[in-house]
Undergrad: 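Here it is, the structure in full.
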Amino acid sequence: GKTVQIIALLTIFKQKWGLPALVVARATILENWRREFVKFSEGLNVLIHSGSKRTGFPSRIREFDVIVTTYDIVIRDQGLFGMIDWGLIITDEAQDIKNPATERAIAVKSLKRRISVAVTGTPVENKLLDLWSIMDFSCHGLLGSQDAFESKFPDNEQSAIEIERVVSPRS
């Protein structure tokens, strides 16, 4: 379900803006992403950027509508990815950037982009800071700085209830 929804979003995004998009996922599901793009994405030019034969040229990256890569490749190729003005960056299994101090989170959050989408079924695994880090990527500034967030929302049940009101969709 979520992969097809993301592909639909990327299709609309291409039609509206024409800027490259980046999907960052775990290495174990790159093949799944490739299959889903083949099945559901007429008209999207997709590159799986992984392995030893990946390009080092921004001009090559810009030839594609969507680049699919891994969190670890974003770290390794941060210089390359930093040269691209991304229209949309999607983090699949976004709990992988839950720790804001990791190279992974820092690398992904440093990329220039217009829109950020964090896809996760587990926004809080261990502590409320997990949610802050994911929201810092997808809605930068909504929850304030890390220090302000940790002061306002200590890691307890009452804070979890309060933060739910801020981040839950409104009806």
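Source: prediction; values computed, not measured. Along the sequence shown, the residues carry numbers beginning at 1.
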Undergrad: Please collect all salt bridge (Lys or Arg N to Asp or Glu O under 4.0 Å) contacts where either partner lies in residues 134-163, sequence neighbours excluded, each pair once.
TA: Lys109-Asp136
Undergrad: Would you compute the distance between atom CG of Leu30 and atom OG1 of Thr69 and round it to the nearest 0.5 angstrom?
TA: 6.5 Å
Undergrad: How far apart are the closest heavy atoms of Asn156 and Ser159, and which atoms are they?
TA: OD1-N, 2.8 Å
Undergrad: Output yes when a side-chain donor or acceptor of Thr55 lies under 3.5 Å from a complementary backbone atom of Phe57, and no otherwise.
TA: yes
Undergrad: Check for a donor-acceptor pair, side chain of Lys98 on one end and backbone N or O of Val124 on the other, with a separation under 3.5 Å.
TA: no
Undergrad: Would a 4.5 Å heavy-atom cut-off, applied to side chains only, mark Arg54 and Ser50 as touching?
TA: no
Undergrad: Between Val23 and Leu10, is there a side-chain heavy-atom distance shorter than 4.5 Å?
TA: yes
Undergrad: Over all heavy atoms of both residues, which pair between Pro154 and Ser151 is shortest? Give the atoms and the distance, please.
TA: CD-O, 4.0 Å
Undergrad: Should we say atom CD of Glu63 is surrounded by more than 12 heavy atoms from elsewhere, each under 6.0 Å from it?
TA: yes
Undergrad: Hydrophobic cluster membership, with links at side-chain heavy-atom distances under 4.5 Å among I/L/V/M/F/W/Y: are Ile29 and Ile67 in one?
TA: no
Undergrad: Counting distance only, does the side-chain N/O of Trp132 pair as donor-acceptor with the main-chain N or O of Pro100 below 3.5 Å?
TA: no
Undergrad: Checking Ser41 now: which residues fulfil side chain to side chain contact (heavy atoms under 4.5 Å, CB included) with it, not counting sequence neighbours?
TA: Ile7, Phe37, Leu44
Undergrad: Could you identify which residues cluster with Ile161, counting Ile, Leu, Val, Met, Phe, Trp and Tyr as linked when any side-chain heavy atoms lie under 4.5 Å apart, either directly or through a chain of such contacts?
TA: none
Undergrad: Using a 4.5 Å cut-off on heavy atoms from C-beta on, say whether the side chain of Val74 contacts that of Leu111.
TA: yes
Undergrad: Would you check if there is a donor-acceptor pair between the side chains of Glu93 and Thr120 at a distance under 3.5 Å?
TA: no
Undergrad: Only one of Leu22, Asn45, Ile6, Val46 clears side-chain contact (heavy atoms from CB on, under 4.5 Å) with Val66; which?
TA: Val46
Undergrad: Applying salt bridge (Lys or Arg N to Asp or Glu O under 4.0 Å) as the test, list every pair that has at least one member in residues 30-46; sequence neighbours left out.
TA: Glu31-Arg34, Glu31-Arg35
Undergrad: Look at Arg114 together with Asp85 and state whether they make a salt bridge at an N to O cut-off of under 4.0 Å.
TA: no
Undergrad: Determine whether more than 12 heavy atoms belonging to other residues, nucleotides or ligands lie under 6.0 Å from atom CD of Gln146.
TA: yes
Undergrad: Could you tell me which non-hydrogen atom of Gly56 sits nearest to which non-hydrogen atom of Pro58, and how far apart they are?
TA: O-CD, 3.8 Å
Undergrad: State the OG-CD1 distance between Ser138 and Ile97, to the nearest 0.5 angstrom.
TA: 7.5 Å
Undergrad: Please walk me through it: do Ser116 and Arg113 pass side-chain hydrogen bond (donor to acceptor under 3.5 Å, both in side chains)?
TA: CA-CA 7 Å; Ser116 307; Arg113 62 202 180 270; 2.4 Å; yes
Undergrad: Quick one: list whatever passes ring pair (Phe, Tyr, Trp, His ring centres under 6.0 Å) with Phe13, sequence neighbours left out.
TA: Trp17
Undergrad: Hey, what do you get for CG (Asp130) to OG1 (Thr122), rounding to the nearest 0.5 Å?
TA: 10.0 Å
Undergrad: What pairs with Phe153 under ring pair (Phe, Tyr, Trp, His ring centres under 6.0 Å), at least two apart in sequence or on another chain?
TA: Phe149
Undergrad: For residues 75-130, which residue pairs pass the ring pair (Phe, Tyr, Trp, His ring centres under 6.0 Å) check, not counting sequence neighbours?
TA: His49-Phe81, Phe81-Trp86
Undergrad: Taking side chain as C-beta onward, heavy atoms only, is Asn99 less than 4.5 Å from Ser133?
TA: no
Undergrad: Any chain of hydrophobic side-chain contacts (each under 4.5 Å) joining Ile115 to Ile84?
TA: no
Undergrad: Are Phe137 and Ile73 co-members of a hydrophobic cluster defined by side-chain heavy atoms under 4.5 Å apart?
TA: yes
Undergrad: Should Leu142 and Val117 be regarded as members of a common hydrophobic cluster, given that ILVMFWY residues are connected when their side-chain heavy atoms come within less than 4.5 Å of each other, either directly or indirectly?
TA: no
Undergrad: Who clusters with Ile106? Use side-chain heavy atoms, under 4.5 angstrom, across I, L, V, M, F, W and Y, and order the result by chain and number.
TA: none
Undergrad: Who pairs with Thr3 by side-chain hydrogen bond (donor to acceptor under 3.5 Å, both in side chains), at least two apart in sequence or on another chain?
TA: none
Undergrad: Measure the NZ-CG distance between Lys14 and Leu9 for me, rounded to the nearest 0.5 Å.
TA: 14.0 Å
Undergrad: With side chains defined as the heavy atoms from C-beta onward, is the minimum distance between Leu88 and Ile90 less than 4.5 Å?
TA: yes
Undergrad: From Arg76 CZ over to Thr70 OG1, what is the distance, rounded to the nearest 0.5 angstrom?
TA: 6.5 Å
Undergrad: Closest heavy-atom contact between Ala148 and Ser145?
TA: N-OG, 3.1 Å
Undergrad: Sequence neighbours left out, what passes ring pair (Phe, Tyr, Trp, His ring centres under 6.0 Å) with Tyr71? Give chain and number order.
TA: none
Undergrad: Could I get the full list of salt bridge (Lys or Arg N to Asp or Glu O under 4.0 Å) partners for Arg26, not counting sequence neighbours?
TA: Asp96
Undergrad: Within the 4.5 Å heavy-atom criterion, are Pro20 and Phe64 side-chain neighbours or not?
TA: no
Undergrad: First locate atom CD1 of Ile163, then atom OG of Ser168, and finally report the distance between them rounded to the nearest 0.5 Å.
TA: 9.5 Å
Undergrad: With a cutoff of under 4.5 Å between side-chain heavy atoms, which Ile, Leu, Val, Met, Phe, Trp and Tyr residues group with Ile12?
TA: none
Undergrad: Do Val167 and Leu143 have side chains that get closer than 4.5 Å, going by heavy atoms?
TA: yes
Undergrad: For a 4.5 angstrom cut-off between non-hydrogen side-chain atoms, does Val24 reach Asp92?
TA: no
Undergrad: Count I, L, V, M, F, W, Y as connected when their side-chain heavy atoms are under 4.5 Å apart, and connections chain through other members. Are Val68 and Leu80 then in the same cluster?
TA: no
